[in-house]
K.L.:
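The structure that follows is given in the form of structure tokens.
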Amino acid sequence: MNTHIAILRGINVSGKNKIKMDALKSSFMSLGFEKVQTYIQSGNVVFRYQLTSSGNLEELINSQIQKDFGFDLPVLVLDEVELANFVKNNPFAGDENKEAKFLHVTFLKGTPAKETGV
């Protein structure tokens with residue numbers, strides 16, 4: 001069993017795509033995921049599941065959300081190794097001028113398009 005985090009985009013923002021965390025947890029558990037934990041109303045879910053590719057998990061979770069809640073959401077799944085690498089490679093770690101509580105990270109599904117200028 002591996003630990004994964006699913007990051008759901010666009011839920012519980014400005015009253016749109018509302019999902020209660022207990023319902024989201026139940027939805028994940030219905031997929032056979034274990035030790036499912038949600039984080040506040042963020043749409044971030046930590047769970048354990050057999051070894052499989054993140055892409056397959058993303059499709060599986062997206063389909064279940066459509067079935068259970070009726071809307072299509074972008075889903076990003078990372079495993080514990082990927083998360084550990086983000087922490088390890090943090091360019092601001094150890095910088096005495098940066099307070100850890102103010103550091104943030106954003107995960108993107110793909111490479112953003114180049115800016116074309118304004």
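Everything numeric in this text was worked out from a predicted model, so none of it was measured.
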K.L.:
Please tell me if the side chains of Leu73 and Ile19 come closer than 4.5 Å, counting only heavy atoms from C-beta onward.
P.N.:
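They are in side-chain contact.
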K.L.:
Rounded to the nearest 0.5 Å, how far does CG of Asn90 lie from NZ of Lys98?
P.N.:
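One finds 10.5 Å between NZ of Lys98 and CG of Asn90.
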K.L.:
Are the side chain of Arg48 and the backbone of Met1 linked by a donor-acceptor contact shorter than 3.5 Å?
P.N.:
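Yes, Arg48 side chain to Met1 backbone: donor-acceptor pair under 3.5 Å.
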K.L.:
With rounding to the nearest 0.5 angstrom, report the CG to CG distance, Leu57 to Leu76.
P.N.:
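Going from CG on Leu57 over to CG on Leu76, the span is 11.0 Å.
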K.L.:
Name the one of Asn62, Ile65, Asn44 that satisfies side chain to side chain contact (heavy atoms under 4.5 Å, CB included) with Leu8?
P.N.:
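Option passing the side chain to side chain contact (heavy atoms under 4.5 Å, CB included) with Leu8: Ile65.
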K.L.:
Hey, could you give me the CE/CD1 distance between Met21 and Ile11, rounded to the nearest 0.5 Å?
P.N.:
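Atom-to-atom, Met21:CE and Ile11:CD1 are 4.0 Å apart.
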K.L.:
List the atom of Phe69, the atom of Ala23, and the distance in Å for their closest heavy-atom pair.
P.N.:
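In this case the closest contact between Phe69 and Ala23 is CZ-O, 3.7 Å.
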K.L.:
Counting only N and O atoms by type, is there a donor-acceptor contact under 3.5 Å from the side chain of Glu59 to the main-chain atoms of Asn56?
P.N.:
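No.
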K.L.:
Check whether any side-chain heavy atom of Phe47 lies under 4.5 Å from a side-chain heavy atom of Thr3, and answer yes or no.
P.N.:
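They are not in side-chain contact.
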K.L.:
For the atom pair CD (Glu80) and CD (Glu82), what is the distance rounded to the nearest 0.5 Å?
P.N.:
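Interatomic distance, Glu80 CD to Glu82 CD, rounded to 0.5 Å: 10.5 Å.
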K.L.:
When you measure from the side chain of Ser63 to the backbone N and O of Leu60, does any donor-acceptor pair fall under 3.5 Å?
P.N.:
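No, Ser63 side chain to Leu60 backbone: no donor-acceptor pair under 3.5 Å.
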K.L.:
How about Val46 and His4: do any of their side-chain heavy atoms sit closer than 4.5 Å?
P.N.:
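Contact flag for Val46/His4 side chains = no.
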K.L.:
So do the side chains of Val77 and Val75 get within less than 4.5 Å of each other, counting heavy atoms only?
P.N.:
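A side-chain contact exists here, since the closest heavy-atom pair is under 4.5 Å.
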K.L.:
Are any side-chain N or O atoms of Gln66 and backbone N or O atoms of Asp72, one a donor and one an acceptor, separated by less than 3.5 Å?
P.N.:
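Flag not set: sc Gln66 to bb Asp72 has no pair under 3.5 Å.
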K.L.:
Show the nearest heavy-atom pair for residues Val36 and Lys25, with the distance to one decimal.
P.N.:
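In this case the closest contact between Val36 and Lys25 is O-CE, 3.0 Å.
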K.L.:
Going only through I, L, V, M, F, W and Y residues with side-chain contacts under 4.5 Å, is there a path from Val105 to Ile5?
P.N.:
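Looking at the clustering, Ile5 is in the same group as Val105.
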K.L.:
Which distance, rounded to the nearest 0.5 Å, do you find between the CG of Asp68 and the OG of Ser26?
P.N.:
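With rounding to 0.5 Å, CG (Asp68) is 9.0 Å from OG (Ser26).
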K.L.:
Below 30° counts as parallel, above 60° as perpendicular, anything between as tilted: where do the rings of Phe33 and Tyr49 land?
P.N.:
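Plane angle over 60°, so perpendicular.
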K.L.:
Is there a side-chain contact between Leu108 and Pro112 in this structure, where contact means two heavy atoms from C-beta onward sitting under 4.5 Å apart?
P.N.:
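Yes; the side chains approach each other to less than 4.5 Å.
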K.L.:
Establish whether Tyr39 and Leu83 are linked, either directly or via other cluster members, by ILVMFWY side-chain heavy-atom contacts under 4.5 Å.
P.N.:
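Shared cluster, no.
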